[in-house]
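Letters A, B, ... mirror the listed sequences (proteins, then strands); counts begin at 1.
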There are 2 protein chains.
Amino acid sequence: MSTTQPHKKTSGAYRHGDLKKALLGAGLALARQGGPNAVLLREVTRQVGVVPNAAYRHYANQHDLLQAVRSAAMSALANAIESELAKLPSINDPADFARANLRAVGMGYLKFAQDEPGLFLTAFSVPDDLQGTAVPEKAGNSGLNPYQLLSVALDRLVDTGVLPNERRMGAEYLAWSAVHGLSMLFIDGPLRQLSPAQRQIVSQRLLDMVEKGLV
Amino acid sequence: MSTTQPHKKTSGAYRHGDLKKALLGAGLALARQGGPNAVLLREVTRQVGVVPNAAYRHYANQHDLLQAVRSAAMSALANAIESELAKLPSINDPADFARANLRAVGMGYLKFAQDEPGLFLTAFSVPDDLQGTAVPEKAGNSGLNPYQLLSVALDRLVDTGVLPNERRMGAEYLAWSAVHGLSMLFIDGPLRQLSPAQRQIVSQRLLDMVEKGLV
DNA sequence: TCTTTATGTGAACATTGTACACATAAAGAT
DNA sequence: ATCTTTATGTGTACAATGTTCACATAAAGA
């Protein structure tokens, strides 16, 4: 017991191990509770037990750190969708399976927005300059981001003949906008007062109408 | 020239006249350019040419000021929708008119989001505590807020028999979610790269599908 | 004319992000 | 093994922000 065991906090806990990941984790935890505005550089470093400037060795500035948190939040959303997809029972008819697939994506999206509003808002938060975050590259476990997961679901609908190819693009926008919009309205807008049960019903109805709109 | 003319800035421009409105105006201008995060109390007072603390005579704190700006931004959205409604040509068939009405509301909403992203984001910005801003009470020129304007449009659809009454609520959520979601995706999401012309087409298609989803 | 009230000013403080110089641990070179 | 270099965390310092308290001054009422 003398070579390179990590000290506690005697004189200097130098070489934190993986400070970058620790900072990201703390940032995520803050975003989870308070949304993007809660990700303060000083608070993050405080939680990790390190001096504020230590963060600058791993992130260019607060903006950069927040960007990393955003990516992680987006990954969490992708994982939630994938987990919903994994719950799908086996369905024989490929067209029905494709439909169920799309619903699962939508449901995973909506559930995540309600279960983790802080992360959801962080994932889609607009950077201060009003210009940032184009397409999120960060991906979930399967390597696909939420947009790609939706895209795959629509591919299946086209392949099985449920969705005419000409309408594919419009359908993508409709499905996406509707689900994203409802998510925001659950979190922020006047639908916040609804009980979880009511939200469940509203979500189902929305997905029904999206499906109807595709045909 | 001696009674009560407003001084310039000699020794004290006391009695600003209507400082509260001036602060709100400056806050709105900042929100217009930089979104909700740009509404800094000190910057607002600086623009008005007054000391930071003067704001506290009219607003409890920064949060309160931002809330006022939010309301004003929501009013601006309502006005944009109303202006779109005003452009509607006279249509004989009441059912067609009702449909055109809904489209106008959607178009006004989408246009505003693209023309004034800063105000749009401010109107729907989530307060820091993640809990605030339930239903926006603030209204446009006609005294109706955006939600009520949509509601009126749906009323017309129900009255003319286009929309079955049982589906009214679901339709409201779909229409609203779709339009709101597309707005967000234009501003923030991956649809930001689209040209104005492309956005116009996408908007039209979305409204088509919403209409289809209602039936 | 005196008093009260409303409204703006001034100085001060805690907190935030960030830049600079410095310290120390690990890795490489000789 | 010793020296040098690099990576990583510390300390001090500064500007900017929101906010509080005491004070100043203009307007309104008695």
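Atom OH of Tyr59(A) is separated from atom P of dT8(D) by 13 Å (rounded to the nearest Å). Atom P of nucleotide dG18(D) and atom CG of Asn37(A) are separated by 13 Å, given to the nearest angstrom. Going from atom CG of Leu65(B) over to atom C1' of dT19(D) covers 14 Å, rounded to whole Å. Rounded to whole Å, atom C1' of dA27(D) lies 16 Å from atom CG of Leu19(B). In this structure, CG of Asp18(A) is placed 12 Å from C1' of dT8(D), rounded to the nearest angstrom.
Taking a 6.0 Å sphere around CZ of Arg168(B), one finds it holds more than 12 heavy atoms contributed by other residues, nucleotides or ligands.
Ion pairing between Asp208(B) and Arg167(A) fails under the 4.0 Å rule for side-chain N and carboxylate O.
Atom CD of Gln204(A) and atom CG of Leu110(A) lie 9.5 Å apart (nearest 0.5 Å). Between atom CZ of residue Arg205(A) and atom NZ of residue Lys212(A) there is a gap of 10.0 Å, rounded to the nearest 0.5 Å.
Side-chain contact between His58(A) and Leu19(A) is present, with at least one heavy-atom pair separated by less than 4.5 Å.
Remark: DNA chain D forms stems of 3 or more consecutive Watson-Crick or G-U wobble pairs, all pair distances under 3.5 Å, at C:1-30 with D:1-30.
Heavy-atom distances to DNA chain D give each of Arg57(A) and Val39(B) a nearest nucleotide, and the one nearer the 5′ end belongs to Arg57(A).
Checked by atom type and distance alone, the side chain of Glu82(B) pairs as donor or acceptor with a backbone atom of Ser142(B) at under 3.5 Å.
The cationic group of Arg192(B) does not satisfy the cation-pi geometry with Phe186(B), failing either the under 6.0 Å distance to the six-membered ring centre or the 45° limit from the ring axis.
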* To do: Heavy atoms under 4.0 Å is the rule here; annotate nucleotides 11-17 of chain D 5' to 3' with B where the base is hit, S where only the sugar-phosphate is, and - elsewhere.
  => BB----B

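A close approach under 4.0 Å does occur between a side-chain nitrogen or oxygen of His58(B) and OP1 or OP2 of dG8(C). For the OP1/OP2 pair of dT18(C) and a distance below 4.0 Å, the side-chain nitrogens and oxygens of Tyr56(A) include at least one atom meeting the criterion.
Taking the side-chain contact (heavy atoms from CB on, under 4.5 Å) definition, one finds that Ala80(B) meets it with Phe112(B), sequence neighbours left out.
Note on ring orientation: taking the six-membered ring where Trp is involved, the planes of His180(B) and Tyr109(B) are perpendicular (angle over 60°, cut-offs 30° and 60°).
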